There are 2 protein chains.
Amino acid sequence: MHRKLNIEKVAEYAGVSTATVSRVLNNYPFVKDETRRKVLQVIRETNYQVNAVARNLRRKKTHSIGVIISNVLSSFYSVIAKAVEDAAIRNKFSTVLCNGGDSPEKELSYLKVLHENRVDGIILSPTGKNRDYLSFLISSGIPITLVDRTVKGLQCDTVLVNNREASREVVRYMLRQGYRNIGFIAGPQDRLTGIERLQGYYDAHENEGVPVHEGLVKMGDFLIESGKARAIELLENGRLDALYVSNSDMATGAYVAIKEKGLRIPEDIGFAMFDDPDWASLVTPGVSAVRQPVYTLGSTAADLLVKRIVDGSGAIDKEPVKIVLEARFIKRGSV
Amino acid sequence: MHRKLNIEKVAEYAGVSTATVSRVLNNYPFVKDETRRKVLQVIRETNYQVNAVARNLRRKKTHSIGVIISNVLSSFYSVIAKAVEDAAIRNKFSTVLCNGGDSPEKELSYLKVLHENRVDGIILSPTGKNRDYLSFLISSGIPITLVDRTVKGLQCDTVLVNNREASREVVRYMLRQGYRNIGFIAGPQDRLTGIERLQGYYDAHENEGVPVHEGLVKMGDFLIESGKARAIELLENGRLDALYVSNSDMATGAYVAIKEKGLRIPEDIGFAMFDDPDWASLVTPGVSAVRQPVYTLGSTAADLLVKRIVDGSGAIDKEPVKIVLEARFIKRGSV
DNA sequence: TTGAAAGCGCTAACAA
DNA sequence: TTGTTAGCGCTTTCAA
């Protein structure tokens, strides 16, 4: 049991100085081959792993990035988390994952933890609050990249999806197919995604000159149960000829409600959703859906952040970049 | 922009020594109230956050734990990840999440990264390989807790689910309901979970004295597509009167296959699965399913690990603990 | 109740 | 090509 195996011991065993061991560890080129071999052998024999804590202190870099998302259990954010981690590893960074649960207080407390741990940068799907602290972090040299949502007035790199346009396209398609009473289950209106997808629904109606009838829009919370409940309410509306749901979890609930009512898709009712979960293409007919480039969203954010970190362009030396990715409407048979 | 705000600056601003600032930071009781107030004010005004890297180096503790799971995208492992993170936060630990992708090489490389970063402990859903390195880590003082799977010959805390017994219970119930040709879609046979769930299927048949007919057992890979494909193969077997699928992803595919064939559950075919995803209780009739205590699996593992860390009982001073949690068979209407 | 100072393990400037 | 050494920011003895 080597309770304290450090660079000094390794140096001692190899009969060299700690500086030389350090050079070998960091692939510094001007080390005599024989010396290098000797050191590497000791490292191998002892299973020595450099102490990254000490190295990080000295280098003032941790080669780690923090990720704050609302919840890894969500099908959306788990993909973001995976994408970020993959990108991080590709660049030899490690990730610290935090589930902020859409709570501004948790968000703040995680931001502080990440700051304490001197992560080199942060990827955040923000609640929209804590602008001052975020801006303090940026000004003290920790770059931040926002994902999927924004913080009003915060200057930093951001990666978004064109929610509004994609949503508009779905509804326009449905209207042009002849549907006139399209029920919509919206998401929370305190979030960019919730707001924009609803906006797209209205845009399409306006563009096509079709009025939105009373009671066709229901507010949900992006969770599965609310999808089922709001769908049941809507299905009681005799006029309804189609249903468009603004995320996949609510769509799961809504789909079940339609099936339990014995309605056929698309004969009795048209159906479409924002998001494209596995089951959308597995059922018959397939459900027409908006596929967001979720993985790309995460990996783009990570690449942006890593570039800012390694360029040494820091948090503030370079203009903020805003990238909007295109979601794609996939027509299957449901509408 | 405070490029280098450290304890020294804070001490200077507050007119005290760094030692005193440190005492305040760590809630050391014997500091004069007035001094404490002065220091806290400077901290508040400057937004000072202690440098955890330096603190960790000095204390030789990082208050962080590493988590290696196969993939956060899986509905199973994302819950584990969330449970571990929740438990960690509760104990003021942070987590470093790694997706090992069931690859022994990635597993090893992540173990080394975590070692480098001097995490205080590791939670691992192991591939089964790398026993020597794992055992080296344990002997050098880094406790490891295994989750859901085991590594042959490795002495460490382990948290498992009684896969075999739970699986046996499902099949026994089906047999006693009168089903005689129960198709089974098994998981990979290189994993404890895959092996044990299949074993339970055989156990039940043996106990009930019912022979397993040729071709009723198909090998899948725990993924959605293989569930659909294997189900289609099985449904061609004219004798089949029920289908039992060994995890939820494959069950999703299998369920779709059944529906697309126009079969009714349970009139035309009985259906049950291991795992209990949201949709199992949303469809009609509900699908009878084995609910694993997934969250508990993760939180138990984390609690075990944290206890070993903070007890100072270390990695080897205390006998390894093995905990087997009970999965529960939930009868709905599908079988 | 407070301060001075050593030292955690490493890197990097400088000297040789 | 290698060694000596200062110092990263903190905690913690020891002394006052």
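Just so it is clear: chains get the letters A, B, ... in the order the sequence lines come, proteins before strands, and each one is counted from 1. None of the values given here were measured: they were computed from a predicted structure.
The overall bend of the helix from dT1(C)-dA16(D) to dA16(C)-dT1(D), read as the angle between its terminal helix axes built from five base pairs each, is 40° when rounded to 10 degrees.
Atom CG in Leu25(B) sits about 11 Å away from atom C1' in dG9(D), given to the nearest Å. The CZ-C1' distance, from Arg58(A) to dC10(D), rounds to 16 Å in whole Å. With rounding to whole Å, Asn56(B) atom CG is found 16 Å from dG7(C) atom C1'. Spacing between atom OH of Tyr28(B) and atom C1' of dC14(D) amounts to 12 Å, rounded to whole angstrom units. In this structure, the CD atom of Glu12(B) is 17 Å from the C1' atom of dC10(D), given to the nearest Å. Distance, Arg55(B) CZ to dC8(D) P: 19 Å, rounded to whole Å. As rounded to whole Å, 13 Å separates atom C1' of dC10(D) from atom CG of Leu5(B). At whole-Å resolution of the value, NZ in Lys9(A) and C1' in dC8(C) are 14 Å apart.
Judged by distance alone, the side chains of Tyr48(B) and Asn6(B) never bring a donor and an acceptor atom under 3.5 Å apart. Using modelled atom types and a 3.5 Å distance limit, the side chains of Thr95(A) and Glu85(A) yield no donor-acceptor pair. Side-chain contact annotation: Thr46(A) with Tyr13(A), donor-acceptor N/O pair under 3.5 Å absent. Judged by distance alone, the side chains of Tyr133(B) and Asn47(A) never bring a donor and an acceptor atom under 3.5 Å apart. When only modelled atom types and interatomic distance are considered, Glu8(B) and Thr18(B) share no side-chain donor-acceptor pair under 3.5 Å.
Residue-environment remark: NZ (Lys106(A)) exceeds the threshold of 12 foreign heavy atoms within 6.0 Å. Atom NZ of Lys9(B) has 12 or fewer neighbouring heavy atoms from other residues, nucleotides or ligands inside a 6.0 Å radius.
For the pair Arg308(A) and Asp157(A), the salt-bridge criterion is met [side-chain N within less than 4.0 Å of a carboxylate O]. Using a 4.0 Å cut-off between charged side-chain N and carboxylate O, Arg90(A) and Asp303(A) make a salt bridge.
Using a 4.0 Å heavy-atom distance criterion, Val53(B) is classed as making no nucleic acid contact. Across all strands, Asn26(A) comes closer than 4.0 Å only to sugar-phosphate atoms, never to a base (heavy-atom distances). Among the atoms of the strands shown, only primed sugar atoms or phosphate atoms (P, OP1, OP2) are found under 4.0 Å from some heavy atom of Thr20(B).
Partner Tyr77(B) forms a side chain to side chain contact (heavy atoms under 4.5 Å, CB included) with one of Val67(B), Asn71(B), Ile69(B), Val72(B) and no other, that one being Ile69(B).
Of the listed nucleotides (dG9(C), dT11(C), dA4(C)), dG9(C) has the atom at the smallest distance from the side chain of Leu57(A). Side-chain proximity of Ser17(B) to the nucleotides dG9(D), dG3(C), dT2(C) is greatest for dG3(C). Minimum atom distance to the side chain of Ala19(A) is reached by dA12(C), of the listed dC10(C), dA12(C), dT12(D). For Arg23(A), whose side chain is taken as the heavy atoms from C-beta onward, the closest listed nucleotide among dT2(C), dA13(C), dC10(C) is dA13(C). The nucleotide whose nearest atom lies closest to any side-chain atom of Asn6(A) is, among dC8(D), dC10(C), dC14(C), dC10(C). Of the candidate nucleotides dT2(D), dC10(D), dA4(C), dC10(D) has the atom nearest to the side chain of Ile7(B).
Taking only side-chain nitrogens and oxygens, Asn51(B) never comes nearer than 4.0 Å to OP1 or OP2 of dC8(D). Under 4.0 angstrom from either OP1 or OP2 of dG9(C) there lies at least one side-chain N or O belonging to Lys60(B). Contact annotation: Tyr48(B) side-chain N/O to dG9(D) OP1/OP2 distance is not under 4.0 Å.
Near-neighbour residues of DNA chain D inside residues 29-37 of chain A, defined by a heavy atom below 4.0 Å, number-ordered: Phe30(A), Val31(A), Lys32(A), Thr35(A).
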